[in-house]
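Per chain, numbering begins at 1; letters A, B, ... match sequence-line order.
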Number of protein chains: 2
Amino acid sequence: MRKSPVTITDIAKNLNISPSTVSRALRNHPDISTRTKKRVNSLAEEMDYHPDSIAQSLKQRRTNLIGVIVPEIKHNFFAAAISGIEEIAYKAGYAIIVSQSNESYDRERINVRALISNRVAGLLISISQTTEQSDHFKLLERQEIPFVFFDRVCEDIEASKVVVDDFDGAFKAVEYLINSGYKRIAHIAGPKHLSISQCRLNGYLSALKKHKISYDENLVVYGGLNEEDGVKGFHRLLQLDQLPDALFAVNDPVAIGAFEKIKEHGFKIPEDIALIGFSNNPITRLIEPSLTTVSQPAYEVGKRAAELLIEQIKSGENFIPRKEMLKTELIIRNST
Amino acid sequence: MRKSPVTITDIAKNLNISPSTVSRALRNHPDISTRTKKRVNSLAEEMDYHPDSIAQSLKQRRTNLIGVIVPEIKHNFFAAAISGIEEIAYKAGYAIIVSQSNESYDRERINVRALISNRVAGLLISISQTTEQSDHFKLLERQEIPFVFFDRVCEDIEASKVVVDDFDGAFKAVEYLINSGYKRIAHIAGPKHLSISQCRLNGYLSALKKHKISYDENLVVYGGLNEEDGVKGFHRLLQLDQLPDALFAVNDPVAIGAFEKIKEHGFKIPEDIALIGFSNNPITRLIEPSLTTVSQPAYEVGKRAAELLIEQIKSGENFIPRKEMLKTELIIRNST
DNA sequence: AATGAGACCGCAAACGTTTGCAATTTTATG
DNA sequence: CATAAAATTGCAAACGTTTGCGGTCTCATT
């Protein structure tokens with residue numbers, strides 16, 4: 001059995017005063033004399049006293065914990081977002097509990113429940129690719145636990161949301177392709193029910209429409225969000241009678257999957273086929289040719305989402321959910 | 001004020017039984033009749049009851065939390081490690097609290113204290129570049145809180161450690177350069193007091209020694225662990241009368257920093273100068289020329305460290321710390 | 001010397017659980 | 001039917017805090 005940590009009562013006994021006094025002394029309560037405060041503080045230091053957050057939380061019915069649920073921590077975008085979240089949370093005196101859904105709805109559910117049990121002050125959630133229901137979020141609403149979606153948001157739940165302007169990013173990307181003279185522009189899209197996929201697809205369609213390019217449904221293929229999906233997507237495009245002359249991928253990993261296959265098949269980028277990704281992963285700058293992409297401020301998204309959540313936690317029930325959209329920027333490089 | 005969550009007492013009142021019975025029913029205690037269990041469980045479900053981990057933790061004097069401290073979550077290696085940690089922790093019924101030191105000793109200290117206050121069951125730590133003291137870890141020892149170092153370990157503390165075989169990895173890398181005929185092999189090293197820097201430097205030196213290549217101290221420059229350090233390091237090597245014909249960098253970011261400068265200065269890789277990194281970041285495979293590097297199983301390091309910690313948590317005080325070394329592998333690509 | 005005001009401190013209850021033990025009810029046995 | 005044994009439940013204390021309220025003590029003021 002581990003030696004139990006020193007408590008406020010230990011200090012009290014040692015000084016022959018009451019635990020209440022110790023508590024107040026440590027929190028610098030005006031009722032306590034300077035002398036007592038000094039004695040308490042120095043003994044606390046000496047005895048390695050650390051306040052028990054657990055007991056405090058129980059008493060005060062609130063914790064200093066913020067729960068975070070992401071599909072995969074490894075994913076560059078989420079790692080950066082978590083970084084931003086931690087930064088803001090730290091400054092506001094919160095610690096973050098991070099869990100990953102591994103793109104599984106079931107696991108996401110379980111994570112939500114676990115975090116509820118841990119009595120988190122609030123949650124930051126980016127939903128999994130397979131999440132098409134929202135009962136677990138309803139649960140949060142019923143329990144009146146503040147939560148904010150970021151990046152991959154759930155449209156049918158009323159809650160604050162922080163996203164990047166996916167539509168505009170996609171639009172700018174495709175418009176740039178059009179203006180550069182490309183005619184047959186393909187799109188490897190993401191899972192249909194994810195809002196980011198939809199927005200980016202819509203951006204693609206709008207840009208075509210604006211420039212009076214007729215929409216060819218064969219040029220849009222659907223898949224997931226990983227490299228392998230880029231590989232598969234490109235293979236499907238290869239079946240076409242006539243190859244597209246440009247390719248807009250739903251995100252960078254997909255673009256890179258396609259990128260490799262394109263090169264493997266001996267096509268030149270951008271001469272034979274131009275390529276644009278989405279996210280501005282660090283890697284896109286370094287590949288050859290460097291990849292044109294849409295920058296998506298992951299770190300900022302995390303920070304902003306955390307700020308919004310903390311604001312909501314502080315303001316209580318009369319908080320009106322907001323949706324924030326961060327700007328994207330087209331980073332033009334050599335793949336177009 | 002938020003609606004307070006439903007408690008065991010709420011259920012008890014509703015069913016006209018005692019809280020003790022509810023508690024036992026929920027935990028499937030044999031003393032409770034099947035009928036009562038059913039009634040309790042269904043009502044609990046209906047009322048959205050979620051056990052209060054805080055209260056449980058207080059009572060049982062242990063939490064289901066594992067603290068994690070890393071320099072930076074964004075860093076590819078750490079993101080992957082955290083991913084592995086979460087995976088193992090999840091399976092063992094733990095949640096992880098993640099905090100970053102931002103390479104600051106002070107912040108690392110604060111994080112340790114915060115996690116102690118949160119009464120974590122154990123800690124997983126990778127120390128910051130600026131950490132040269134170890135008083136905060138002594139604190140953990142005194143409080144008998146289990147903790148395990150991973151990757152960046154603290155040598156003067158007796159605790160379990162999970163590292164990769166940095167020495168061997170570096171040795172293999174440099175030996176490969178030697179066997180490929182390179183003569184003037186430079187090394188951009190990391191911070192001197194970090195064990196990973198030391199081990200990799202020693203691997204470099206040993207390989208030279210084995211092959212009777214005399215050690216030229218001008219060929220070793222020291223810096224940090226980021227891209228900019230690779231840039232700076234290469235600039236210092238540029239000052240030399242005679243340029244090295246090969247360069248072994250302490251890690252991939254540093255290698256990439258150098259990589260870019262090398263190309264900028266119009267040198268060819270590997271003709272003018274060969275380059276080897278360390279970590280096998282995903283990016284290294286995709287740059288042109290692809291980077292020879294030493295693979296370092298980040299995900300595995302995280303998993304193994306978590307496993308070790310959980311074992312230690314379970315076995316109590318009579319646990320003997322172990323140091324585990326995971327194998328590295330030389331990934332030969334086109335930069336050599 | 002009596003009174004009142006401050007300054008300082010302690011009592012006890014509460015937060016939501018768990019758990020040893022005792023109390024009660026049910027069932028089995030003679 | 002009586003009794004013992006077994007099955008089921010409740011009581012109360014405890015985990016480490018915080019906090020409203022009341023208590024004691026010291027002093028200055030009449």
Side-chain angles (χ1 to χ4, degrees), chain A residues 1-41 43-44 47-65 116-121 143 145, chain B residues 1-41 43-44 47-65 116-121 143 145:
Chain A
M1 219 1 237
R2 205 164 92 204
K3 183 182 61 178
S4 64
V6 6
T7 74
I8 236 173
T9 326
D10 297 333
I11 299 182
K13 281 198 188 120
N14 217 305
L15 264 60
N16 259 320
I17 56 178
S18 83
S20 348
T21 305
V22 177
S23 169
R24 283 188 258 250
L26 289 169
R27 323 173 77 251
N28 204 22
H29 191 287
D31 269 5
I32 306 299
S33 70
T34 328
R35 190 180 110 85
T36 310
K37 279 183 191 165
K38 276 206 186 108
R39 299 209 305 149
V40 168
N41 281 308
L43 184 61
M47 293 177 79
D48 290 332
Y49 170 78
H50 291 256
D52 188 330
S53 300
I54 299 295
Q56 287 178 323
S57 296
L58 182 61
K59 186 81 236 284
Q60 305 176 166
R61 297 143 130 269
R62 53 182 193 79
T63 64
N64 62 139
L65 299 172
I116 291 180
S117 262
N118 273 307
R119 296 291 184 262
V120 291
Q143 312 244 342
I145 301 174
Chain B
M1 216 5 235
R2 207 164 90 203
K3 182 182 62 182
S4 66
V6 8
T7 74
I8 237 172
T9 326
D10 297 333
I11 299 182
K13 281 197 188 122
N14 218 304
L15 292 170
N16 258 318
I17 54 178
S18 81
S20 353
T21 305
V22 176
S23 169
R24 282 187 263 248
L26 289 168
R27 324 172 77 250
N28 204 21
H29 191 288
D31 270 6
I32 306 300
S33 70
T34 329
R35 190 180 111 84
T36 310
K37 279 182 191 163
K38 276 206 186 108
R39 297 209 305 151
V40 169
N41 280 310
L43 184 60
M47 294 177 76
D48 290 331
Y49 170 78
H50 291 256
D52 188 330
S53 301
I54 299 293
Q56 287 177 324
S57 297
L58 181 62
K59 186 81 237 283
Q60 303 174 171
R61 298 143 131 271
R62 54 183 193 74
T63 64
N64 61 141
L65 299 172
I116 292 180
S117 262
N118 273 307
R119 296 292 183 263
V120 292
Q143 310 243 346
I145 300 175

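Of all heavy-atom pairs spanning B:T9 and B:P19, the tightest one is CG2-CG, 4.1 Å. Contact between B:I54 and A:S57 at its shortest, heavy atoms only, is CG2-CB, 3.9 Å.
One can place CG of A:N16 at 11 Å from P of C:dC11, the figure rounded to the nearest angstrom. Rounded to whole Å, the distance from NZ on A:K13 to C1' on C:dG10 is 15 Å. As a whole-Å value, the separation of A:N28 CG from C:dC9 P is 13 Å. Taking atom CG of A:L15 as the reference point, atom P of C:dG10 lies 10 Å away to the nearest angstrom. One atom, NZ of A:K38, and another, C1' of C:dC8, lie 16 Å apart when rounded to the nearest Å. Per the geometry, NE2 belonging to A:H29 stands 13 Å off P belonging to C:dA7, to the nearest Å.
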Would B:R119 and A:H50 count as a side chain to side chain contact (heavy atoms under 4.5 Å, CB included) if you check the C-alpha gap in whole Å, the side-chain angles of each, and the deciding distance to 0.1 Å? CA-CA 9 Å; B:R119 296 292 183 263; A:H50 291 256; 4.2 Å; yes
Kindly indicate, with the supporting measurements, whether the criterion side chain to side chain contact (heavy atoms under 4.5 Å, CB included) is fulfilled by A:I8 and A:Y49. CA-CA 8 Å; A:I8 236 173; A:Y49 170 78; 3.9 Å; yes
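Using a 4.0 Å heavy-atom distance criterion, B:I54 is classed as making no nucleic acid contact.
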Its contact letters, B for base, S for sugar-phosphate only and - for none at protein heavy atoms under 4.0 Å, make nucleotides 15-22 of chain D read BBBBBB--
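Taken to the nearest 0.5 Å, the CG atom of A:N118 stands 9.5 Å off from the CD atom of B:Q56.
Note on B:T36: a side-chain N or O is less than 4.0 Å away from OP1 or OP2 of D:dT9.
Looking at A:V40 and A:I32, their side chains never come closer than 4.5 Å, going by heavy atoms from C-beta outward.
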